[in-house]
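Below is one structure, written out as structure tokens; comments come after it.
This is a predicted model, so every value here is computed, not measured. All values below were derived from every heavy atom in this structure, side-chain atoms included, with hydrogens, water molecules and symmetry-related copies excluded. Each residue takes its place number in the sequence, starting with 1.
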Amino acid sequence: CHNGTPPMPWFGMDIGGTLTKLVYFEPKDVSDQGDTEQLETLRTIRKYLTGNVAYGQTGIRDVHLEMPDQHIGGKRGSLHFIRFPTNDMMRFIELARSKNFSKLAKAICATGGGAFKFESDFKEHVQLKLHKFDELDCLIKGINYIDRNNNKSECYYWKNPDNCEKCEKVTFDFRDPYPYLVVNIGSGVSILAVRSPDDYKRVSGTSLGGGTFLGLCCLLTGCETFEEAIQMASQGDSTKVDRLVKDIYGGDYTKFCLSGDAVASSFGHMNLKERRDIASRHDLAKATLVTITNNIGSIARMCAVTEKMERVVFVGNFLRVNTISMKLLAYAMEYWSGGSLKALFLEHEGYFGAMGCLLELMN
Ligand code: ADP
């Protein structure tokens, strides 16, 4: 945004279709920043953000993701990760106004579609100009930064994903990552082929994403939140809803090596009243989750083959508290590729765009 070090506070904001993600850099020392009045405002903001875990009804700081001991823009400090529903954006703008944000900064860096959509609201209500950056550029920069600078390990995979007892989360050394595929599962899905820190292209995408899962789940089960939807799915049985190969063949489809347990038709049982009568809300939630996840896995696999890439990194908030989908993706990648593809995951899931956006501030 500026030449030299920009004035504090340092934020990166990713305004997505469902969630707004905020990365805030908390410096160890603020004494050299501006006049007394500015300093006071800066302290207020810092105290408010780092002192709380919940903001209002819906804002949350993901404390477990905090990154201490970071060096950014010549300063040392901690990175904090905060999110709230994009639906509450006007309340956030009101908060920025009440904390006197515009006393300190004339502009903030923002990415995601909302950087365009809410531009005039920021200008009108808090006199803030938005410096807009492309969300996929930011995503790649964010992955690159966090993977290299997280003192705890960032990247992992699931070992034995199809075995409840033996399944475990294992650290993956991602120091030499190129080339790799990124599958960003947010409200919708974007798939990127990454060949070096500044060589990537968007190769595919699908509108059947995390937003579709949540939307369908709300319709089918009456649930209200993502957490509730995942909770329900974890207790459901999707085979009550889906039609399997064995429901059609009576066993395996041997000529083409299709196991009887493979899904032949997602939701395929639901045309029959007697099947509908015994499918619970939990079963419907699970079937929705499995359907969306496997469809994304299948598209990702085709992209990996086309791009000749073996590592597939899944990110985005759809994977938050969602080990079911991670294990399904891990299993599907391995199984359908005959073991040549590896599904990888990153701890900071949905925050890479916001992180990359904060880094743009330093340029
Ligand atoms: P976007 O930038 O499109 O908002 P995200 O990466 O933030 O994308 O992911 C949004 C998706 O994450 C939602 O569609 C939903 O499936 C899932 N999700 C995870 N946690 C939540 C939450 N607390 N509220 C709403 N959706 C959530």
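For CD of Gln57, the number of neighbouring non-hydrogen atoms (other residues, nucleotides, ligands) closer than 6.0 Å is 12 at most. Around atom CG of Asn87, no more than 12 heavy atoms belonging to other residues, nucleotides or ligands sit under 6.0 Å away. Around NZ of Lys106, the count of heavy atoms belonging to other residues, nucleotides or ligands within 6.0 Å exceeds 12. Within a 6.0 Å radius of CD in Glu310, no more than 12 heavy atoms belonging to other residues, nucleotides or ligands are found. The 12-atom threshold is not exceeded at NZ of Lys308, counting heavy atoms of other residues, nucleotides or ligands nearer than 6.0 Å.
For the residue pair Thr254 and Asp252, no side-chain donor N or O sits within less than 3.5 Å of a side-chain acceptor on the partner. Between Gln70 and Tyr145, the side chains place a donor N or O and an acceptor N or O closer than 3.5 Å (distance only, hydrogens not considered). Donor-acceptor pairing under 3.5 Å is recorded for the side chains of Asp62 and Tyr351. A donor atom on one side chain and an acceptor atom on the other are found under 3.5 Å apart for Asn322 and Ser325. In this structure, a donor-acceptor pair under 3.5 Å is absent between the side chains of Arg202 and Asn184.
A parallel orientation is assigned to the rings of Phe25 and Trp10, their planes being inclined by less than 30° (bins at 30° and 60°). Note on ring orientation: taking the six-membered ring where Trp is involved, the planes of Tyr253 and Tyr249 are parallel (angle under 30°, cut-offs 30° and 60°). Ring-plane geometry between Phe213 and Phe226 is classed as perpendicular, the angle between the planes exceeding 60 degrees on a 0 to 90 degree scale with a lower cut at 30. Ring pair Tyr48/Tyr55 is tilted by interplanar angle, where 30° to 60° counts as tilted. Ring geometry, Trp158 versus Tyr156: the interplanar angle exceeds 60°, so the pair is classed perpendicular (tilted spans 30 to 60°).
Proximity of a side-chain donor or acceptor of Gln127 to a complementary backbone N or O of Glu124 within less than 3.5 Å is detected. With hydrogens and angles ignored, the 3.5 Å screen pairs a side-chain donor or acceptor of Thr50 with a backbone N or O of Arg46. Proximity of a side-chain donor or acceptor of Arg148 to a complementary backbone N or O of Arg175 within less than 3.5 Å is detected. A donor-acceptor pair is defined here as one N or O able to donate and one able to accept, closer than 3.5 Å; such a pair exists between the side chain of Ser259 and the backbone of Asp261. The main-chain N or O of Asn163 is never found under 3.5 Å from a side-chain atom of Asn160 such that the two would form a donor-acceptor pair. Without hydrogens or angle criteria, Asp247 side chain to Leu244 main chain gives a donor-acceptor distance under 3.5 Å. Panel note: side chain Ser190, backbone Gly205; no donor-acceptor pair is recorded below 3.5 Å.
Under the 4.5 Å side-chain heavy-atom criterion for grouping Ile, Leu, Val, Met, Phe, Trp and Tyr, Val126 is connected to Ile15 within one hydrophobic cluster. Note on Leu139: it does not cluster hydrophobically with Phe314, by side-chain heavy-atom contacts below 4.5 Å among ILVMFWY residues. Hydrophobic clustering, with ILVMFWY side chains joined whenever heavy atoms are under 4.5 angstrom apart, groups Ile72 together with Leu65.
Screening residues 206-227 for side-chain hydrogen bond (donor to acceptor under 3.5 Å, both in side chains), with sequence neighbours left out, gives Glu227-Arg320.
Salt bridge status for Arg61 with Glu66: present, with a side-chain N to carboxylate O gap under 4.0 Å. With respect to Asp283 and Lys286, no salt bridge is recorded, no charged nitrogen being found less than 4.0 Å from a carboxylate O. Classification of Glu360 and Lys141 as a salt-bridged pair holds, one side-chain N sitting under 4.0 Å from a carboxylate O. Look at Arg195 and Glu307 and you find a salt bridge, because one of the NZ, NE, NH1 or NH2 atoms lies within 4.0 Å of a carboxylate O, short of that distance. Glu94 has no carboxylate O lying under 4.0 Å from a charged side-chain N of Arg91, or vice versa, which leaves the two without a salt bridge. Electrostatic pairing of Lys103 and Glu40 does not count as a salt bridge here, judged by no charged N lying under 4.0 Å from a carboxylate O.
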Problem set entry | Residue pair Leu79, Tyr24: steps toward the side chain to side chain contact (heavy atoms under 4.5 Å, CB included) verdict | CA-CA 6 Å; Leu79 288 168; Tyr24 167 60; over 6 Å; no

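Remark: Lys21 fails to qualify as a cation-pi partner of Phe81 under the 6.0 Å distance and 45° angle criteria applied to the six-membered ring.
Of all heavy-atom pairs between His269 and Asp242, the closest is CD2-O, 3.0 Å.
For Ser187, the side chain to side chain donor-acceptor pair (under 3.5 Å) test picks out Thr18, with sequence neighbours left out. Judged as a ring-ring contact (aromatic ring centres under 6.0 Å, His included), and not counting sequence neighbours, Tyr200 has no contacts.
Ring-centre distance between Phe174 and Tyr180: below the 6.0 Å cut-off.
Of the candidates Thr111, Asp14, Leu359, Leu358, Cys138 forms a side-chain contact (heavy atoms from CB on, under 4.5 Å) with just one, namely Thr111.
Side chains of Ile45 and Glu26 form no contact here, defined as non-hydrogen atoms less than 4.5 Å apart.
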